[in-house]
Amino acid sequence: MRASQFFLATLKEAPQEAELPSHKLMLRGGLIRKLGSGLYSWLPMGMRVLHKVERIVREEMDRAGALEIIMPPVQPAELWQETGRWELYGPMMLRIKDRAEREFCYAPTAEEVVTDIARKELRSYRQLPVNFYQIQTKFRDEIRPRFGVLRAREFSMKDAYSFDADEAGMLESYRKMFDAYVAIFTRLGLTFRPVAADSGEIGGSASHEFQVLADSGEDQIAYSDASDYAANIEKAEALAPAAPRAAPAEPMRKDPTPGTSTCEGVAKLWNEPLARTVKAILLYANHRVHMVLIRGDHSLNEIKSGKLHGLKGWRWASDEEILAACDGPAGYLGPVGLDRAKITVVADRTVAAMSDFICGANEKDFHIRGVNWGRDCPEPDVVADVRNVVPGDPSPDGKGRLALVRGIEVGHVFALGRRYSEAMGATFAAEDGTQKPFEMGCYGIGVTRIVGAAIEQNHDDKGIIWPDPMAPFTVSVIPLGFHKSEAVKAAAEKLYADLAAAGVEALLDDRNERPGVMLADQELVGIPHRVVIGERGLKDGMVEYQHRRDAEATRVPLAEVAAFVRQRLAP
RNA sequence: CGGGGUGUAGCGCAGCCUGGUAGCGCACUUGCUUUGGGAGCAAGGUGUCGGGGGUUCGAAUCCCUCCACCCCGACCA
């Protein structure tokens with residue numbers, strides 16, 4: 001491609017709303033433009049990247065035996081009502097009416113429609129397993145779209161759905177997709193981690209997320225420094241302390257802590273370590289108030305808590321509920337002196353193993369220290385893992401210690417089971433002649449999000465640095481004085497033709513621009529390899545090669561550049 | 001949904017408080033010069049000042065209203 005024939009929409013300044021590097025650079029590099037909140041147009045430069053990603057995704061999906069289809073993004077409400085998700089999905093789903101007042105949605109995902117296809121088309125176990133996938137635009141009316149393409153409302157997603165005759169088959173399909181995802185993200189040249197995940201609203205047993213590692217990621221991942229254990233912090237288990245609870249050593253003592261309603265405050269006031277304090281978090285679930293106790297320096301894991309028996313569907317308790325159940329206001333609560341008929345005490349494993357700890361006195365402006373389970377208050381009603389892991393915690397697999405990194409979720413695989421097939425009566429004739437519901441799996445990849453994530457992971461102060469497989473152009477040919485020097489022009493044209501003949505995608509900057517402009521554009525847009533051709537070097541038959549990550553250019557004989565560049569490309 | 005903020009040229013912004021009919025930088029057009037890191041000079045084009053209503057002789061500026069966008073929050077007691 002010649003730059004003069006292309007649409008190079010680079011900007012010197014990024015529009016104000018852009019916060020993250022990837023968002024700014026995509027706008028500045030002319031990959032995308034914003035249409036409205038969470039809505040983006042993709043310009044030619046962005047399309048080239050998007051196509052690269054899509055191609056790799058397709059190739060690996062096909063290789064794994066999945067079959068491409070396309071389902072309508074606009075879907076009738078009836079299907080969604082069959083599974084109950086018309087109500088469940090809530091305001092995230094964009095609902096539309098047609099001229100006859102029939103209800104539709106713009107699909108946020110497509111389990112219902114594929115399951116409908118399966119129930120109509122797949123009749124016998126002989127036709128299984130089947131895996132259908134599509135690359136389609138989805139719409140989710142996010143509470144707060146942000147970070148450009150990383151959390152947009154409209155986005156492109158590859159979604160795949162497998163149908164198997166039994167659970168073993170489904171797990172095999174799941175494994176194939178897992179492997180395909182590893183292949184995809186590896187080929188894209190991204191640093192990523194598959195991590196055990198919570199399966200969330202979609203439901204099902206096994207679930208893994210594929211996380212691109214980046215400091216700006218919205219997710220936190222816990223991983224072991226001594227094994228391959230990795231899990232989303234939402235799911236990562238905090239083991240019970242190895243050491244048994246120590247015997248009480250202090251008497252219990254109530255003291256005033258005026259105006260000090262946080263663990264940090266009390267620890268400071270009494271000059272005690274934060275790790276000796278216990279905070280009480282009041283939740284309401286199943287018509288009952290629950291006091292969840294977490295060590296002062298830990299934080300509540302809302303997902304894990306929600307999985308406990310009595311805490312399904314919890315919400316934060318109101319001030320009135322707290323006062324009624326504890327006789328004290330928020331900020332001064334603890335397990336001592338509670339009427340257990342009115343409240344359930346849930347202690348985190350760590351807290352259950354503490355002795356001589358500090359907590360609220362259930363009285364405004366008072367805390368107590370030297371508190372001990374069994375002696376000063378009854379043992380907790382429930383002991384469970386309800387906190388987020390912290391760096392240094394032992395790994396749940398018993399090997400090594402946990403560390404935390406941030407990641408951007410770009411893929412997610414779910415072993416779904418029969419949730420949708422049963423709800424929609426999607427069955428097939430099994431070998432024994434009975435009708436059985438399909439065992440399903442579903443597998444998503446955020447295609448547009450990958451582009452943003454790749455930039456978050458690969459950029460510097462000058463711009464994007466594409467991994468070769470995603471680059472809009474592989475090589476940038478920059479002639480200095482293209483319109484003045486015949487020698488430069490001839491050399492540039494020759495190189496460009498040679499690269500094209502070798503199947504290398506080059507961008508020949510034939511614009512009559514100053515060198516600084518051409519170089520800055522190449523760097524902004526992130527073309528990974530560049531060759532600068534100038535009269536000065538040409539006198540000695542030399543040109544300059546420089547990779548986007550190289551600190552300096554390498555002089556290469558003109559006659560050898562094409563071969564030299566090809567050698568440097570990722571295989 | 002709650003709180004805060006912003007809407008002025010393609011982008012970044014000033015002007016608004018204290019009303020007098022719009023400006024700066026970049027970008028764009030033309031010409032000349034320049035050409036190894038986002039050029040210089042000269043000339044030029046560009047705005048329903050987010051929409052509607054009101055006050056006023058006169059509104060980008062004051063008032064009302066609607067809209068869009070952005071940020072924070074929606075929880076750690």
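In what follows, chains carry the letters A, B, and so on, assigned in the order in which the sequence lines appear, proteins first and then strands, with residues in each chain numbered from 1.
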Which base sits across from B:rG37 as a Watson-Crick or G-U pair, both distances under 3.5 Å? none
Length of the NE2-P vector between A:His23 and B:rC69, whole Å: 13 Å
The Watson-Crick or G-U wobble partner of B:rG2, with both key distances under 3.5 Å, is B:rC72
Is a donor on one side and an acceptor on the other found under 3.5 Å between the side chain of A:Arg349 and the backbone of A:Ala384? no
Using the C1' atom as the reference point in each nucleotide, state the distance between B:rC13 and B:rU6 in Å, no decimals. 12 Å
Distance-only donor-acceptor test, A:Glu302 side-chain atoms vs B:rC75 base atoms, 3.5 Å: yes
What integer distance in Å separates A:Arg511:CZ from B:rC28:C1'? 15 Å
Please tell me whether A:Asp509 and A:Gln522 have a donor and an acceptor in their side chains that are separated by less than 3.5 angstrom. no
A:Ala317 near the nucleic acid: base, sugar-phosphate alone, or nothing, with a heavy-atom cut-off under 4.0 Å? base
What interatomic distance, in whole Å, is found between P of B:rG40 and the corresponding atom of B:rC26? 7 Å
Please give the distance between the P atoms of B:rU61 and B:rG7 as a whole number of Å. 12 Å
B:rC62: pairing nucleotide in any strand, Watson-Crick or G-U under 3.5 angstrom: B:rG54
Using the P atom as the reference point in each nucleotide, state the distance between B:rG38 and B:rG51 in Å, no decimals. 39 Å
Nearest-nucleotide check on RNA chain B, A:Met518 vs A:Leu282; residue mapping nearer the 5' end is A:Met518
What's the closest nucleotide to the side chain of A:Glu523 if the choices are B:rA77, B:rG37, B:rC11? B:rG37
Using a 4.0 Å heavy-atom cut-off across all strands, classify A:Gly481 as base, sugar-phosphate, or nothing. nothing
Between CG of A:Asp521 and P of B:rA39 the distance, given in whole Å, is 11 Å
Pair A:Ser207, A:His412: side-chain N/O donor-acceptor within cut-off below 3.5 Å: yes
What distance, rounded to whole Å, do you find between the two C1' atoms, one in B:rU8 and one in B:rA14? 10 Å
B:rC70 phosphate, OP1 or OP2: any side-chain N/O from A:Ser37 under 4.0 angstrom? yes
Sugar-phosphate, base or nothing in reach of A:Leu300, heavy atoms under 4.0 Å: base
A:Gln211 side chain vs A:Glu409 backbone, donor-acceptor pair below 3.5 Å: yes
Which base, if any, makes a Watson-Crick or G-U wobble pair with B:rA9, both distances under 3.5 Å? none
Figure out the NZ/P separation between A:Lys34 and B:rA68, and round it to whole Å. 12 Å
G-U wobble or Watson-Crick pairing nucleotide for B:rU29 (cut-off 3.5 Å, both distances): B:rA43
A:Arg146 has an atom CZ; how far is it from atom C1' of B:rG73, in whole Å? 10 Å
Between A:Asp381 and A:Thr344, does any side-chain donor sit less than 3.5 Å from a side-chain acceptor? no
Give the rounded distance in Å between these two atoms: CZ of A:Arg33 and P of B:rA27. 16 Å
Of the nucleotides B:rA39, B:rA77, B:rG25, which has the atom closest to the A:Ile322 side chain? B:rA77
With P as the reference atom in both, quote the distance from B:rC11 to B:rC49 in angstrom, rounded to an integer. 16 Å
So, are A:Arg315 and A:Glu321 salt-bridged, with charged N and O less than 4.0 Å apart? yes
Just checking A:Gly360: base, sugar-phosphate only, or nothing, at a heavy-atom cut-off of under 4.0 Å? nothing
Any donor-acceptor N/O pair under 3.5 Å between B:rG38 base and A:Glu513 side chain: no
Report yes if a side-chain nitrogen or oxygen of A:Lys484 is closer than 4.0 Å to either non-bridging phosphate oxygen (OP1 or OP2) of B:rU34; otherwise report no. no
Among B:rC70, B:rA77, B:rA39, find the nucleotide with the atom closest to the side chain of A:Ala330. B:rA77
Could you check whether any side-chain heavy atom of A:Tyr106 comes within less than 4.5 Å of a side-chain heavy atom of A:Thr137, counting everything from C-beta outward? yes
If you check the A:Pro15 side chain, which of B:rC71, B:rC76, B:rG12 turns out closest? B:rG12
Rounded to the Å, how far apart are A:Leu39 CG and B:rA68 P? 12 Å
A:Arg144 side chain near B:rC71 phosphate (N/O to OP1/OP2, under 4.0 Å): yes
Which part of the nucleic acid does A:Glu17 contact within heavy-atom distance under 4.0 Å: base, sugar-phosphate only, or nothing? sugar-phosphate
Only one of A:Val346, A:Leu333, A:Val345 passes side chain to side chain contact (heavy atoms under 4.5 Å, CB included) with A:Leu293; say which it is. A:Val345
Looking for any heavy atom pair under 4.0 Å, which part of the strands does A:Glu19 touch: base, sugar-phosphate only, or nothing? sugar-phosphate
If you measure from the Lys or Arg side-chain nitrogens to the Asp or Glu carboxylate oxygens, is any gap between A:Glu264 and A:Lys279 under 4.0 Å? no
Would you measure the distance from the C1' atom in B:rG45 across to the matching atom in B:rG23 and give it in whole Å? 16 Å
OP1 or OP2 of B:rG12 less than 4.0 angstrom from a side-chain nitrogen or oxygen of A:Lys12, does that happen here? no
Pairing check on B:rA77: which nucleotide meets the Watson-Crick or G-U wobble criteria with it, both distances under 3.5 Å? none
Check if the side chain of A:Gln16 and the base of B:rG5 share a donor-acceptor pair of N or O atoms closer than 3.5 Å. no
Look at the side chain of A:Arg530 against the base of B:rG37 and say whether a donor-acceptor pair falls under 3.5 Å; ignore hydrogens and angles. yes
Can you check the A:Asn512 CG to B:rC32 P distance for me, whole Å? 13 Å
Side-chain N,O (A:Arg514) to OP1/OP2 (B:rA39) below 4.0 Å: yes
Interatomic distance at C1', B:rG52 relative to B:rA68, whole Å: 15 Å
Per nearest nucleotide of RNA chain B, the residue lying toward the 5' end, A:Arg28 or A:Tyr332, is A:Arg28
